[in-house]
Amino acid sequence: MSAQSFNFAGQHILSVNQFNRDAIEYIFHIANQMRPYAQRQKRTEVLRGAILGNLFFEPSTRTRVSFGTAFNLLGGEVRETVGMSNSALAKGESLYDTARVLSGYSDIIAMRHPQAGSVAEFSGGSRVPVINGGDGANEHPTQALLDLYTIEKECKSHGSTIDGLHIAMIGDLKYGRTVHSLCKLLSLYNNIHFTLISPTELAMPESILSAITNGGHKLTITDQLSGSVDADICYQTRIQEERFTSQDEADKFRGKFRLDQAIYTKHFQSKTVIMHPLPRDSRAEANELDNDLNQHPNLAIFRQTDNGVLVRMALFALTLGVENIMQQHEKPVLWQTPKSTL
Ligand code: CP
């Protein structure tokens with residue numbers, strides 16, 4: 001398999017709009033090759049000497065750490081800036097200047113920032129590839145890729161494919177950037193049925209609805225979870241309270257769409273896979289994905305987070321042009337490793 005339709009080396013990864021199906025399948029092909037390294041069956045030092053600038057100007061646990069882990073697993077080193085107040089952006093420095101400076105210290109940059117379009121603006125000043133780790137309510141392309149990779153694996157385990165998938169997305173579809181990016185990627189496939197369940201105030205933006213309908217897919221929009229939903233995937237989301245103009249406004253929607261064992265059993269099929277980009281809000285007043293589903297075999301949320309490392313490793317290897325030489329730089333693993341379920 002080759003990446004004839006997309007030249008990854010040296011490219012910024014800013015939006016899922018950059019990808020077609022061939023490019024996605026090539027990323028997933030490389031991600032599959034990363035599994036033995038992520039499982040510590042063997043190591044590669046293909047990026048030994050390379051530096052990732054990991055710039056997170058907005059809170060993150062899994063995206064920030066998995067970018068760093070992915071780079072370390074390829075043998076590279078990570079330098080981090082965390083939080084707006086700890087950077088010179090707080091002194092009025094522009095994104096352009098920050099990019100000019102930090103790209104002189106790094107071979108590649110991963111970045112998250114609260115403003116939509118900020119990572120693209122930053123990339124304009126960068127001398128090295130920039131990967132979008134989430135820009136405001138706009139996009140989260142690497143999350144969408146890991147979600148799609150997970151969906152493909154879950155479908156395969158049920159004997160199906162992404163083509164023909166029925167996905168139900170629940171919660172804050174207005175501010176949830178992961179669902180925006182995922183809808184665009186899924187729209188590249190055939191005969192997808194999207195069931196979008198949200199309060200009308202938090203409905204999916206028109207631009208995303210257009211991408212769905214222009215792709216000829218089936219679209220069902222509702223403001224309540226009712227009856228039986230014949231979905232293969234239930235993709236639950238958190239109310240993105242950090243994007244609301246006031247806490248009171250966010251509070252209106254908190255806890256409105258909960259999923260627990262009883263609700264899941266009432267509305268979904270026994271085969272429906274449960275996904276969430278995480279973090280889930282586990283406070284009692286929200287609790288959109290209850291702990292009573294933690295042992296459910298269809299709960300894929302931690303398979304998603306594990307898959308995120310594979311997909312981010314693949315993106316680093318591709319953008320730095322080393323995807324075909326990883327084996328030449330392999331080393332044995334000298335320490336005891338836990339049994340992995342990856
Ligand atoms: N899914 C996701 O972006 O999680 P973090 O905010 O922890 O990075």
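Both ligands and their constituent atoms are indexed starting at 1 by order of listing.
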query = For H158 and E154, does a side-chain donor sit closer than 3.5 Å to a side-chain acceptor?
reply = no
query = Which protein heavy atom lies closest to atom 4 (O) of ligand 1, and at what distance to 0.1 Å?
reply = R62 NE, 2.9 Å
inquiry  = Any nitrogen or oxygen of R64, side chain or backbone, less than 3.5 Å from one on ligand 1?
reply    = no
inquiry  = Using a 4.0 Å cutoff against the non-hydrogen atoms of Q143, which atoms of ligand 1 qualify?
reply    = 1 (N), 2 (C)
query = Does ligand 1 have any atom that is closer than 4.0 Å to a heavy atom of E58?
reply = no
remark   = ligand 1 atoms nearer than 4.0 angstrom to some heavy atom of T61 are 5 (P), 7 (O), 8 (O)
message = How long is the straight-line distance from NE2 of H276 back to OG1 of T305, given to the nearest 0.5 Å?
response = 12.5 Å
query = Does R312 count as lying over the ring of F67, i.e. NZ or CZ under 6.0 Å from the six-ring centre, within 45 degrees of the axis?
reply = yes
request  = Considering only NZ, NE, NH1 and NH2 on the basic side and carboxylate oxygens on the acidic side, decide whether D232 and K271 come within less than 4.0 Å.
outcome  = yes
inquiry  = Under 4.0 Å from a heavy atom of T63: which atoms of ligand 1 are those, numbered in the order shown and with their elements?
reply    = 2 (C), 3 (O), 4 (O), 5 (P), 8 (O)
query = Side chains of Q304 and T150: donor-acceptor distance under 3.5 Å anywhere?
reply = no
query = With a 4.0 Å heavy-atom cut-off (strictly under), which part of L278 contacts ligand 1: side chain, backbone, both or neither?
reply = backbone
inquiry  = Is any side-chain heavy atom of C183 closer than 4.5 Å to one of M169?
reply    = yes
message = Below 3.5 Å, N or O to N or O, backbone or side chain included: is there any such pair between P277 and ligand 1?
response = yes
task = If you have a sec, work out which protein heavy atom is nearest atom 6 (O) of ligand 1 and how many Å separate them, to one decimal?
result = R112 NH1, 2.9 Å
request  = Give the ring-plane orientation class for Y149 versus F28, where under 30° counts as parallel, over 60° as perpendicular and anything between as tilted.
outcome  = perpendicular
